[in-house]
Amino acid sequence: MLPEYLKNASKKMKNGLMFVKLVHPCSGEGAIYLFNMCLQQLFEIKVFKEKHHSWFINQSVQSGGLLHFATPMDPLFLLLYYLIKADKVGKFQPIDQVVMDDMFPNCILLLKLPELEKLLQHVTQEKEINGKKYYKYSKEKTLTWLGKKVHQTMAALKTNNVNVSARVQATTAFYSSDQDSSEKEEDYIRYAYGLISDYIPQELSDDLAKY
Amino acid sequence: MDLSELEKDNSGRCRLSSAVPAVCRQEPCVLGIDEAGRGPVLGPMVYAICYCPLSRLADLEGLKVADSKTLSESERERLFAKMEEDGEFVGWALDVLSPNLISTSMLGRVKYNLNSLSHDTAEGLVRFALDQGVNVTQVFADTVGPPEPYEKKLKQRFPGIEVTVKAKADALYPAVSAASICAKVARDQAVKSWRFVEELEELDTEYGSGYPNDPKTKAWLRKHVEPVFGFPQFVRFSWSTAQSLLEKEAEGVLWEDSPSEEQEGLARISSYFGASPRAVPRPPHRFFRERGLEPANML
Amino acid sequence: LLPCEVPANRPAPVGRFFTPAI
């Protein structure tokens with residue numbers, strides 16, 4: 001399942017859309033992404049996998065009812081993964097020495113992103129020497145950036161009526177009015193934090209929880 | 001009999017009824033219940049009631065509505081037409097239960113067997129007559145399953161009305177025999193004019209009586225079994241005749257609550273004593289788990 | 001996408017038997 005506007009992307013350029021294997025920023029394992037070379041946009045691919053589904057496709061029945069969804073994803077989550085990893089070196093580095101990965105060589109595609117420098121400003125300190133930029137991971141800036149992400153996610157959860165209540169209840173049940181709003185807010189923050197944490201390393205997720 | 005209602009949608013149930021003769025609102029009436037098409041593996045089952053004033057029972061008998069089993073299809077149609085003509089003292093109503101309704105009731109997660117479906121339908125028709133103002137004082141019904149509980153249930157539902165449930169009621173009571181004629185006429189017509197929602201290619205209507213032991217019916221079923229879709233909805237999937245044919249000729253189907261062959265996720269006991277504690281990756285967030293979504297690590 | 005699994009890949013007269021209801 002792809003957003004409609006991507007349909008012609010693959011027509012415009014030979015390799016308009018590319019499926020690439022990159023790191024999953026939370027688990028560190030490989031995951032499939034879709035790169036749109038024209039708009040330089042990154043999509044994560046999630047697969048709907050449940051037992052006992054088949055397809056009717058035209059005049060046939062096909063087993064293995066998997067459904068792959070391509071959802072736009074902020075590439076900064078991937079850049080962040082490499083910046084944190086490189087932070088052990090503890091000094092400023094050019095970004096093309098940070099984003100390197102022999103497991104997932106296609107990560108260099110991230111360096112082609114049009115607003116790469118703007119993105120990096122959210123999560124790094126930078127220095128410029130002889131016209132060349134050097135970057136260093138900044139936890140403070142990152143936490144501020146993630147805080148914004150959590151609030152944006154909360155807003156989206158509310159508008160999409162996602163059931164976030166901690167108590168297990170039928171998803172169709174509406175909020176019992178007796179639940180006071182601060183508890184509700186708490187549920188939303190916790191839920192949004194949990195979702196964002198699916199895209200950042202465990203250690204940063206712990207810091208974010210405190211933040 | 002106007003079955004156009006059924007032709008529009010033959011996947012559920014549909015009710016047909018005559019006007020209520022004025023005299024049936026004034027005088028005490030006897031009401032007979034019977035069904036047609038209970039046994040066949042094809043086509044609908046029809047429940048019918050027929051009622052008339054006690055004072056006109058002799059006239060009803062005069063219509064020669066003898067035991068409908070002894071009548072031919074055309075004789076039944078002629079008799080039904082005659083009852084319609086003499087409509088000023090006879091009223092009727094019937095429910096056509098489609099094969100799809102029968103099958104889905106019997107095969108549903110919560111079993112709703114044929115007897116319960118029958119009892120409820122019969123009761124619904126008596127309720128319908130009462131709601132239309134028919135002054136019912138006596139009800140006669142043919143047995144569906146053991147007579148006692150059925151009679152008891154009808155008496156509970158309709159206190160103050162005399163209820164008699166007996167085997168061969170259609171040979172004993174003219175009102176039941178008349179109901180049986182209505183049911184049979186409706187069933188015959190429904191089967192004859194059955195509109196197949198499935199655009200079958202070489203559709204043949206040589207399905208015989210529809211009874212499971214009828215060789216023509218068996219041959220028709222064998223010819224029309226479809227490995228993925230089973231049968232046209234004209235067939236009662238819940239009939240053992242249909243089921244055994246599906247077992248032989250059709251693909252299996254697995255549902256999420258099918259008894260799964262192996263217990264998923266039971267790790268081998270040795271894995272719990274593995275050397276390095278398995279780094280249990282964090283499970284995906286609840287948002288994804290609840291939607292069956294996980295990161296794709298291969299296409 | 002069906003809520004059940006037919007353990008087979010084969011031709012099937014979907015157009016004749018299956019009317020998706022929205």
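In what follows, every chain begins at residue 1, and chains take the letters A, B, ... in the order their sequences are listed.
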State the SG-CG distance between B:Cys14 and B:Leu6, to the nearest 0.5 angstrom.
4.5 Å
Nearest-0.5 Å distance that lies between atom CG in B:Leu94 and atom CG in B:Leu16
4.5 Å
Check step by step if side chain to side chain contact (heavy atoms under 4.5 Å, CB included) holds for B:Leu117 and B:Ile102.
CA-CA 8 Å; B:Leu117 179 60; B:Ile102 293 169; 4.1 Å; yes
Does any part of the side chain of B:Val46, heavy atoms only, come nearer than 4.5 Å to the side chain of B:Leu97, both counted from C-beta?
no
Flag the pair B:Met45 / B:Leu114 as yes when at least one side-chain heavy-atom distance between them is below 4.5 Å, and no otherwise.
yes
Cross-chain donor-acceptor list, chain C x chain B, under 3.5 angstrom:
{"residue": "C:Glu5", "atom": "N", "partner": "B:Leu254", "partner atom": "O", "Å": "2.7"}
{"residue": "C:Glu5", "atom": "O", "partner": "B:Leu254", "partner atom": "N", "Å": "2.7"}
{"residue": "C:Arg10", "atom": "NH1", "partner": "B:Glu251", "partner atom": "OE2", "Å": "2.8"}
{"residue": "C:Arg16", "atom": "NE", "partner": "B:Glu199", "partner atom": "O", "Å": "2.9"}
{"residue": "C:Arg16", "atom": "NH1", "partner": "B:Glu201", "partner atom": "OE2", "Å": "3.3"}

Sequence neighbours excluded, the answer for ring-ring contact (aromatic ring centres under 6.0 Å, His included) partners of B:Phe237 is B:Phe231
Per-residue contact mode, B:Val253 against chain C (heavy atom under 4.5 angstrom)
both
